[in-house]
Protein chains: 2
Amino acid sequence: MKLYDLPASPNARRVRIFIAEKGLEIPTIAVDMTKGENKRPDYLEKNPLGKMPLLELDDGTCIAESGAICRYLEEIHPEPILMGRTPVERAQVEMWNRRMELEILLPLINVFSHTHEMWKGVHTQVAEWGEICRETALARLVWLDTEISGRDFIVNDDYTVADITAQCALVLGKAVGVRVPQELGNVNAWFARVAARPTARA
Amino acid sequence: MKLYDLPASPNARRVRIFIAEKGLEIPTIAVDMTKGENKRPDYLEKNPLGKMPLLELDDGTCIAESGAICRYLEEIHPEPILMGRTPVERAQVEMWNRRMELEILLPLINVFSHTHEMWKGVHTQVAEWGEICRETALARLVWLDTEISGRDFIVNDDYTVADITAQCALVLGKAVGVRVPQELGNVNAWFARVAARPTARA
């Protein structure tokens, strides 16, 4: 197996932390988007959308999409369990992972994509949309603070892939100026907890 | 079990088709957003985000997010298999389901949300963003046409949850004026194939 990586990408970071939590070592190849390496024919053959991360198996099978890569690794290396132990638990982890992805990470990606100068001239930026997404992300953090009251982690008292998604979202948040307001004590305590894990900088 | 449903929603339709393909009968309760039923305290207790679909188990456990509901049903009612038979197959189904969701369905939801007059005054519409998403969805349909060449369904020759997501996306596409261009023979043939299934109008 090898992992095609984009070091600064929150989606690639999700997979790297997942791999580190599993205690796996998978050779990693950084794909340099600034040099257009992700648009070269040999890479497009692996993922025609030119996106990272991508896991290539030894037989050449390519798995794109961070959620699909994590699911595959969970199946072939079940311990430590990061996606739930029973059908109900797995459904709840999936629910929370989706919420962290669609309600927090995705809006923050839109803030980055539509307001950060790195993308000026690369694609059309719609600043108004970026600002709406900033408000959405902040509103969801307020909601999350209530939801996780009394819990150590996003789903319950076990660290799961939903925590990984949320922590990667907040790392991106810092980069685009969306910081967790101080009064959100539960989210801040949770973030301190996940950021202290040895895998947080994977 | 019971399903809290929003009849016109593409995400709720994904779950209804999934249930029909499994041959299950799950009592369904339509939640009327126009009457604000999804914002009433009893519903917010089930899903604090006020979104549908939502599956409530007999012990009161609530599973929100269409992807999580489908995964739970796949686990407790494995046949017919709609999410892959082996770890690699399951990863590929997940990859394609994510692609159909993030690359086609989500842009079309944005077209609806940002250009359709139904949402005028309900939330801030950013028409420019809606138009960019329209272009994205069309570009992805062109890409999909190449990808599924020679295949009966999105992943391979088995109908899976990725087909369900894609067909629900295209139903929404029709409603917002994003039709599959005639020259995309593979996508058109595929859509005719899935639309002919007895479950397509679930």
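A:R179 CZ: 12 or fewer foreign heavy atoms inside a 6.0 Å radius. Annotation for A:Q182: atom CD does not count as buried by contact number, only 12 or fewer foreign heavy atoms lying within 6.0 Å. Crowding of A:E25 atom CD: a count of heavy atoms from other residues, nucleotides or ligands under 6.0 Å not exceeding 12. Within a 6.0 Å radius of CZ in B:R201, other residues, nucleotides and ligands contribute 12 heavy atoms or fewer. Within a 6.0 Å sphere centred on CZ of A:R151, other residues, nucleotides and ligands contribute more than 12 heavy atoms.
For a residue to count as touching a neighbouring chain, one of its non-hydrogen atoms must lie under 4.5 Å from one of that chain's; by this rule B:L106 touches chain A with the side chain only. Heavy atoms of A:L55 lying under 4.5 Å from chain B are absent altogether. Interface remark: B:L57 contributes side-chain atoms only to the contact with chain A (heavy atom separation under 4.5 Å).
Nearest heavy-atom pair across A:E147 and B:P48 is OE2-CG, 2.8 Å.
Interface residues of residues 70-77 of chain B toward chain A, defined by a heavy-atom distance below 4.5 Å and sorted by number: B:R71, B:Y72, B:E75, B:I76. Inspection of non-hydrogen atoms places B:H114, B:T124, B:V126, B:E128, B:W129, B:I132 of residues 114-139 of chain B under 4.5 Å from chain A. Of all residues in residues 81-96 of chain B, those placing a non-hydrogen atom less than 4.5 angstrom from a non-hydrogen atom of chain A are B:P87, B:V88, B:R90, B:A91, B:Q92, B:E94, B:M95. Annotation: residues 164-176 of chain A contacts chain B through no residue [non-hydrogen atoms, separation under 4.5 Å].
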Worked verdict on B:K51 versus A:R99 for side chain to side chain contact (heavy atoms under 4.5 Å, CB included): CA-CA 11 Å; B:K51 295 185 173 184; A:R99 285 172 166 173; over 6 Å; no
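With respect to chain B, the highest number of heavy-atom pairs below 4.5 Å among A:I63, A:T61, A:L49 belongs to A:L49.
B:R98 has its side chain within reach of A:E101: a pair of non-hydrogen atoms, C-beta onward, lies under 4.5 Å apart.
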